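Step one of this worksheet: look at the structure below.
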Amino acid sequence: MEKQQEAARPESKGPKRQRRPRRKHNKSSANATGAKTPAAEQESDELWSIQDFKVPEVEGKVRFHDLNLPDRVLKAIQKMGFEYCSEIQAATLPATLQGYDLIGQAQTGTGKTAAFLIAMISDFLDYPVEGERPNHFPRGLIIAPTRELALQIADEAEKLTKYTNLNVVSLVGGMDYDKQRNQLETEIVDLVVATPGRLLDFARNKKVMLNKVECVVLDEADRMLSMGFIPDVKSIIRMTPHKERRQTMLFSATFPKDIQALARQWTFHPQEVSVVPKETTNKNIDQVIYTVSDDQKWPILKKLIEENDYQRTIIFANRRDETRDLNEKLKQANINCAMLSGEVSQDKRVKTLSKFKDGSIQVLVATDVAGRGIHVDNIDLVVNYTLPEDPEDYVHRIGRTGRGGEMGKSVSFATENDSFMIPEIEATIGASIRCEYVRDQD
Ligand code: AMP
């Protein structure tokens with residue numbers, strides 16, 4: 001059995017010091033990117049050429065054209081409407097496409113998902129698996145702390161692999177176990193996008209084998225730490241090939257000491273890239289703290305939503321019961337809202353998110369865990385109904401707005417019970433936040 005697996009193994013990546021050379025891609029080399037189904041082949045190669053993807057050269061910007069990517073990936077990138085690399089993509093792709101490990105400091109909204117997916121997918125296309133391969137041996141593994149984030153990564157992976165025969169499978173908790181098991185049993189799996197618990201479950205039961213994984217991505221590592229997933233992630237990493245024989249990319253918005261240590265332990269001569277510029281993030285977000293009493297919070301919130309013309313808003317609270325109460329109050333005020341918290345079923349959460357995305361829900365009330373990884377563009381307002389206990393959550397929360405160069409607004413309520421946390425939050429974001437004292441109105 002072991003022999004058979006070895007035979008099915010793709011060309012070895014070898015020790016990381018001997019990086020795999022990039023394949024050259026030009027119009028005529030598109031066919032060298034891996035065996036395709038006839039339909040995919042036709043659509044990818046005959047009906048589309050790089051000539052269809054016209055992006056002018058602009059000084060200081062990196063075009064995807066400049067990175068020697070397979071045409072199938074370029075076509076997907078074009079269909080997704082991307083033209084130039086985002087900062088994290090421009091900073092990481094030249095190295096990650098060569099197989100280098102990466103420690104990346106980047107928040108959501110920077111384009112980090114496409115950054116790691118494009119590197120992984122291009123490599124898999126450049127070095128297709130020769131011959132037979134057992135179903136449940138993925139080539140790429142992406143681990144994310146929450147289901148929402150994992151599903152959004154899987155969604156982007158589906159789009160980027162649309163013109164290839166690479167198969168993406170999500171293994172996430174709270175969703176149909178049997179369906180996921182069935183996929184592992186019946187489909188060739190190239191990329192697995194997973195949350196730690198469910199993945200470990202499948203891996204321990206040998207439903208998915210991780211010892212042939214070529215590339216591992218750990219997304220939002222700081223969040224995995226704060227959610228207590230590190231022991232699970234450690235067990236998972238131990239099941240993958242040694243770090244010299246796999247590519248590892250670790251992303252985190254913040255780098256507390258524990259994450260720095262794990263990042264060192266899990267990567268091999270990594271490139272280190274930091275693209276957070278907190279100042280930039282903050283510049284795009286008009287942040288204000290209202291010092292209020294508990295009684296003032298609700299009327300001010302209602303007024304804020306009204307004044308903001310019921311535009312897309314996320315309200316964060318620290319506890320489930322707070323989100324539940326707020327959701328009720330908003331409903332009674334005829335505000336089109338829904339909540340995302342641990343007590344909402346996974347199916348419902350996915351539906352809620354898609355309604356929020358299409359605009360049929362305008363206000364979302366969320367806890368940090370549930371609100372994590374909400375990748376919805378054009379969120380106008382983020383309200384911290386209660387200040388987060390962990391200042392890093394503040395960064396994550398307000399990062400939902402002011403994305404992609406748009407201006408966003410965040411309003412945080414601080415009461416006498418929690419305003420002692422403001423200095424720590426300011427230290428974390430590296431800037432002071434405007435505070436306004438709200439008087440009682442009679
Ligand atoms: P992320 O930081 O991965 O959550 O990405 C934030 C958003 O930016 C997502 O909606 C992506 O689809 C989008 N995006 C990623 N890369 C680019 C790019 N190069 N150009 C335009 N949009 C992008």
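These numbers come from a predicted model, not from an experiment. Counting starts at 1 for both ligands and their atoms, in listed order.
Atoms of ligand 1 lying under 4.0 Å from any heavy atom of S86, numbered from 1 in the order shown and given with element: 19 (N). For ligand 1 and Y84, the ligand atoms under 4.0 Å from any heavy atom of the residue are 18 (C), 19 (N), 20 (N). For ligand 1, the atoms closer than 4.0 angstrom to any heavy atom of T113 are 1 (P), 3 (O), 4 (O).
Using a 3.5 Å distance cut-off with no hydrogens or angles, the side chains of S252 and D222 do pair a donor with an acceptor. A donor-acceptor contact closer than 3.5 angstrom links the side chains of T248 and R246. Of the N and O atoms on the side chains of S345 and D347, not one donor lies less than 3.5 Å from an acceptor on the other residue. Side chain to side chain, Y394 and Q287 meet the donor-acceptor criterion of an N or O pair below 3.5 Å.
Within the 4.0 Å heavy-atom criterion, the part of Q89 lying near ligand 1 is the side chain and not the backbone. The part of F64 lying near ligand 1 is the side chain, judged by heavy-atom distances below 4.0 Å.
When only non-hydrogen protein atoms are considered, atom 8 (O) of ligand 1 lies nearest to G111 CA, 4.6 Å. When hydrogens are left out, the protein atom nearest atom 10 (O) of ligand 1 is D377 OD2, 3.6 Å; that is the closest non-hydrogen contact. For atom 12 (O) of ligand 1, the nearest non-hydrogen atom of the protein is F82 CZ, 3.4 Å.
No N or O atom of A114 sits closer than 3.5 Å to an N or O atom of ligand 1.
Comment: R319 does not engage E389 in a salt bridge, judged by the lack of any side-chain N to carboxylate O separation of less than 4.0 angstrom. Comment: R397 engages D368 in a salt bridge, judged by a side-chain N to carboxylate O separation of less than 4.0 angstrom.
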- [ ] Check the pair R349 / E148 against salt bridge (Lys or Arg N to Asp or Glu O under 4.0 Å), numbers first and verdict last.
- [x] CA-CA 8 Å; R349 286 203 224 173; E148 283 78 8; 2.9 Å; yes

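Within the 4.0 Å heavy-atom cutoff, E156 counts among the residues contacting ligand 1.
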